[in-house]
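Start at 1 and go down the list; that is how both ligands and their atoms are numbered. Side chains are part of it too, since the values below use all heavy atoms of this structure and drop only hydrogens, waters and symmetry mates.
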Amino acid sequence: MTILGIESTCDETSVGIVKSGTKVLANVVASSSVMHKKYGGIVPEVAAREQVRVIVPVLQEALRVGGCTWRGIDAIAVAYGPGLIGSLLIGVETAKALALAWDKPLIGVNHLVGHLYANWIKTGDERQGIRRIQFPAIGLVVSGGHTDLIMLKSHKEFKWLGGTLDDAAGEVFDKVARVVGLTYPGGPEIEKAAGSLKSQRANLKFPVPMTASNDLNFSFSGLKTSVVNYIASNEKFNVPTVAYAFQNSVIKSLVKKTFAAVAKYKVKSVVVGGGVAANEKLRAEMQVAGEDRQVEIYFPQRTYSIDNGAMIAAAAYFQKSFVNFSKLQADPSLYFV
Ligand code: KG4
Ligand code: ZN
């Protein structure tokens, strides 16, 4: 089964074509992130206008790269939430129009679930072989808008275990980047600055959030305040040192809570997804913790960590949540239920 997946929840416009939920035939991504740089964050109207402009060319390019015509597509999938309403509408209405015009079934996908299913995409790396993610698994979604721990019991049964009480992990990377003078999106900039630190033994440390809480929740706004206060009282602060200390605190918090969930539910697999999953330090720390506890840790390839259409098509294949095209509505507040 070959599925065409559309992703337009935030500032990316992407169409992926995926066979059997694992083999990517095409994954074309257009991002408007450079247009938001000068504002230090996404301007929804700017993002949506750009998406209107690029959605059809992106679709045509995906079909060209995938070497298929509409006849070779078996179903259309779309991320219908959560996200920015103007952006979501463009993907959802395009998907509905294609389903009607091409007479194909339509599959609605939760964007956050899509991030986790990026892990089912084959890496093409022979050493890793075919990924065999075992259920039950713990899912960690770390994106610009969300930080959630999920129990994946099967392809059809998910349970929300905890999430952030305030800022999302990606959001706090973006905000801290802005206060230290780095550009949007802040995650890659902070990672680069932290990696450029000459001595990795810098003395600066920020508190690791929520270490004493017994739940599976996160909180990042206190950490953000610590960084802001540090900068306010240290005029000549060093960006790599701050970036390094900040990144460490976020990662320690993510690793601690993920493995608290692993221990509580005695699972053997962890799947991580979302833009922050592109962070190499997070990948390395999760792998170390996984090896210590003999738990398999899965991260998508970096290309499939950030928003993309292929992950939507992959999730659609395994979830097969078909909807009548007249019933599908963009849902900005969609969450795990
Ligand atoms: O999943 P995503 O592409 O979009 C949303 O669904 O929100 O995530 C975007 C977020 C941004 O906050 C960005 O700063 C963060 O992911 N991000 C990173 C890295 N690459 C992207 N955060 C930390 N390290 C990175 N390398
Ligand atoms: Zn996302």
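Against a heavy-atom cut-off of under 4.0 Å, Gly170 is close to the following atoms of ligand 1: 12 (O). Against a heavy-atom cut-off of under 4.0 Å, Gly145 is close to the following atoms of ligand 1: 7 (O). For ligand 1, the atoms sitting less than 4.0 Å from at least one non-hydrogen atom of Gly186 are 14 (O), numbered in the order shown with element in parentheses. Less than 4.0 angstrom separates some heavy atom of Asp174 from each of these atoms of ligand 1: 11 (C), 12 (O), 13 (C), 14 (O).
Distances from the Zn ion (ligand 2) to each N, O or S atom of His115 single out NE2 as the nearest. For Asp307, the N, O or S atom with the smallest separation from the Zn ion (ligand 2) is OD1.
The closest heavy-atom contact to atom 9 (C) of ligand 1, among the options Gly187, Ser305, Gly144, comes from Gly144.
Geometrically, Arg293 engages Phe259 in a cation-pi contact, judged by NZ or CZ lying under 6.0 Å from the ring centre and within 45° of the ring axis.
Neither side chain, Asn248 nor Glu285, offers a donor N or O lying under 3.5 Å from an acceptor on the other. Donor-acceptor pairing under 3.5 Å is recorded for the side chains of Ser305 and Arg283. No side-chain donor-acceptor contact under 3.5 Å links Gln134 and Ser269.
With values rounded to the nearest 0.5 angstrom, Ile150 atom CD1 is found 7.5 Å from Leu112 atom CG.
Heavy atoms of His115 approach ligand 1 to within less than 4.0 angstrom.
Of all protein heavy atoms, the one closest to atom 2 (P) of ligand 1 is Asp307 OD1, 3.3 Å. Nearest to atom 24 (N) of ligand 1 among the protein's heavy atoms is Asn279 ND2, 3.0 Å. What sits closest to atom 6 (O) of ligand 1 on the protein, heavy atoms only, is His111 NE2, 3.0 Å. Remark: minimum distance from atom 21 (C) of ligand 1 to any protein heavy atom is reached at Gly275 O, 3.3 Å. Scanning the protein for heavy atoms near atom 26 (N) of ligand 1, the closest one is Glu191 OE1, 2.7 Å.
A heavy-atom distance below 4.5 Å is not found between the side chains of Leu204 and Phe237.
Residue His111: an N/O/S atom is found under 2.8 Å from the Zn ion (ligand 2).
With ring centers used as reference points, His155 lies under 6.0 Å from Tyr117.
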Go through Ile312 and Ile6 one step at a time and tell me if the side-chain contact (heavy atoms from CB on, under 4.5 Å) criterion holds. CA-CA 7 Å; Ile312 303 302; Ile6 302 178; over 6 Å; no
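Here Lys257 pairs with Asp215 in a salt bridge; the nearest charged N to carboxylate O distance falls below 4.0 Å.
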